[in-house]
2 protein chains.
Amino acid sequence: MTRTVLSSATRETIIGFDEPFVMIGERINPTGRKLLAAEMKVGDYSRVEADTLAQVAAGAQMLDVNAGIPLADEPKILAEVIQLVQSITDVPLCIDSSIIAALEAGLKVYQGKALVNSTTAEDEVMEQVLPLVKKYGAAVVAISNDDTGISEDPDERFEVAKKIVERAQDHGIKPCDVVVDPLVMPIGAINSAGRDVFHLIRRLRNELKVNTTCGASNIGFGLPNRHAINNAFLPMLAASGMTSAILNPMHEGLVPSIKAADVLTGVDRSCAYWIKTFREPVAEGEGRGGRRGRRRRA
Amino acid sequence: MTRTVLSSATRETIIGFDEPFVMIGERINPTGRKLLAAEMKVGDYSRVEADTLAQVAAGAQMLDVNAGIPLADEPKILAEVIQLVQSITDVPLCIDSSIIAALEAGLKVYQGKALVNSTTAEDEVMEQVLPLVKKYGAAVVAISNDDTGISEDPDERFEVAKKIVERAQDHGIKPCDVVVDPLVMPIGAINSAGRDVFHLIRRLRNELKVNTTCGASNIGFGLPNRHAINNAFLPMLAASGMTSAILNPMHEGLVPSIKAADVLTGVDRSCAYWIKTFREPVAEGEGRGGRRGRRRRA
């Protein structure tokens, strides 16, 4: 049973085959959020604070932190944001940047064991990211593309992921500290995108025995009623063996659908979390066996 | 690509590996519905009519018809109800009884190719049901239990299903006309019930190459917020390869979750059905590229 143990100074989150699905909040990311980008650039992190608290309240067990703002001092901003976020929540973080200096600046100030987002299978990228991951005792997201781009063949993407896991081992990083992102394409563009990813996740879990994650929100790009697509997609990913995803826990219906998937994959043992969360309150003046209460439960 | 072609006098519904998930409406069934049972017993089929129209309007591509009322003339009632239902809708039917005489009475009056619900792997049952299925050119639901009961081991249930498929072939019924019910246990009682059924469905599809169905509503028995469990369960079944289910299409959120699953498994080709159903109407006075319309779609 593969387990990737992430931590803050005081709390652990485990991504694992036998653990509840880990929701990594995606909101602290200026990409496509002009207002947030402008604020972060001048050191105004009030919206970052609000997004932190709201995502954790919604159920996120980890948060992704990205400070990719054009022409800004990304290493400085990323380090500041990480320190701020860690000062107001204890969930472990995913340090998200395509700039090596920013990843290192983030890792330097991070308290606990972080998840580094990400390396690809490109040699140049692996040889910069993996030593950092090892140096700071972190775990890493492995994106299954290489110098040739993203293959449409899921079995080729499997081989690319395998290459990263093997290279990580060369750097002293255990396979359980590599979380593979199989890459989710928009279903509106590629009709087999769902089937492909379900197949790939099963292979990654059964053969490579690694944890998996993905940016879950892209699947419905361009389609109407995207939330309904997402709310069905996450349980389907979980049924295929995926163990975490980067998503917006504030989207209506998404957290209950993931918690229902936890019940159905059996990781919510004895349905304890589900029953605690959704059992109906006993109306005043009624006993536990009260008729109305029982009927409504049926 | 396995296809089970069912029909009424004028319409086909195909349960198939490459077809939209088939929702078989479960409502025309007096089990646990005292009022309906009492009405059906005295030949009042007004509620049957209402349930027929409502389920088809909600999206059911087939309807299950059951007339199992204690101390009633089940063959007579079943035949009457089938004739009535066929007179007001053209969706194919699933003729549901544990009484052989009732199945035969139903098949006699049925127009088209019906799905007979069901046989188990018990010799006595198979030897009565399968000749009827062959005689009337029907298809059959195969429930994966035998004289020893229901095994908790999904691989044993696979062997039981295989036995029925083989026996059906002995009776001249092709494997594509056997739709296997892997049996869904309540997740509140058996923690591995979901995982077991996902595993079994994959084996039934990949190895035995048969279509599958199940009574989907049992999974959340005894749990609070059952509908949310069901709305996640159906996409998970579809991701595992299930091709139909007997369910209540009027449950809130269930049909959209199944239609989203059709998008994600790729059987809703080019997302055509989804886009047609959920695209936002263009507001009056706005062009297709109108700013508000575009922003709301983002």
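Lettering of chains follows the sequences in order, A, B, ..., and the numbering in each one begins at 1. Everything numeric in this text was worked out from a predicted model, so none of it was measured.
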Margin query: Less than 4.5 Å to any heavy atom of chain B: does that hold for the side chain of A/S192, its backbone, both, or neither?
Written below: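 No part of it gets close to chain B.
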Next item on the list: Name the region of A/N231, side chain, backbone, both or neither, that has any atom closer than 4.5 Å to a heavy atom of chain B.
Entry: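 When you check distances to chain B, no heavy atom of A/N231 falls under 4.5 Å.
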Check: So does A/F221 have more than 12 non-hydrogen atoms from other groups sitting under 6.0 Å from CZ?
Finding: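 At most 12 heavy atoms, drawn from other residues, nucleotides or ligands, come within 6.0 Å of this atom.
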Notebook entry, point to check: Should we say atom CD of A/E159 is surrounded by more than 12 heavy atoms from elsewhere, each under 6.0 Å from it?
Noted result: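 Count over threshold, so yes.
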Next item on the list: Could you tell me which residues in residues 246-261 of chain B have at least one non-hydrogen atom under 4.5 Å from a non-hydrogen atom of chain A, sorted by residue number?
Entry: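 Within residues 246-261 of chain B, the residues that come under 4.5 Å of chain A (heavy atoms only) are B/S257, B/A260, B/A261.
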Check: For chain A, which residues from residues 193-202 of chain B have at least one heavy atom closer than 4.5 Å to it?
Finding: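 Within residues 193-202 of chain B, the residues that come under 4.5 Å of chain A (heavy atoms only) are B/G194, B/R195, B/F198, B/R202.
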Can you name the closest pair of heavy atoms from [X] and [Y] and give their distance?
X      : Y      : value
B/A232 : A/P235 : O-CB, 3.8 Å
B/C271 : A/G188 : SG-CA, 4.0 Å
B/L264 : A/I219 : CD2-CG1, 3.5 Å

Next item on the list: Pull out the residues in residues 20-27 of chain A that come under 4.5 Å of chain B, heavy atom to heavy atom, sorted by number.
Entry: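 None at all.
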Margin query: I need the A/I275 CD1 to B/N225 CG distance, nearest 0.5 Å.
Written below: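 Output value for this atom pair is 12.0 Å.
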Notebook entry, point to check: About how many Å separate CH2 of A/W274 and CD1 of B/I187, when rounded to the nearest 0.5 Å?
Noted result: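 Nearest 0.5 Å value for the CD1-CH2 distance: 11.5 Å.
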Checklist line | By side-chain hydrogen bond (donor to acceptor under 3.5 Å, both in side chains) - contacts of B/T4 (at least two apart) | finding: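 With sequence neighbours excluded, B/T4 shows a side-chain hydrogen bond (donor to acceptor under 3.5 Å, both in side chains) to B/N211, given in chain and number order.
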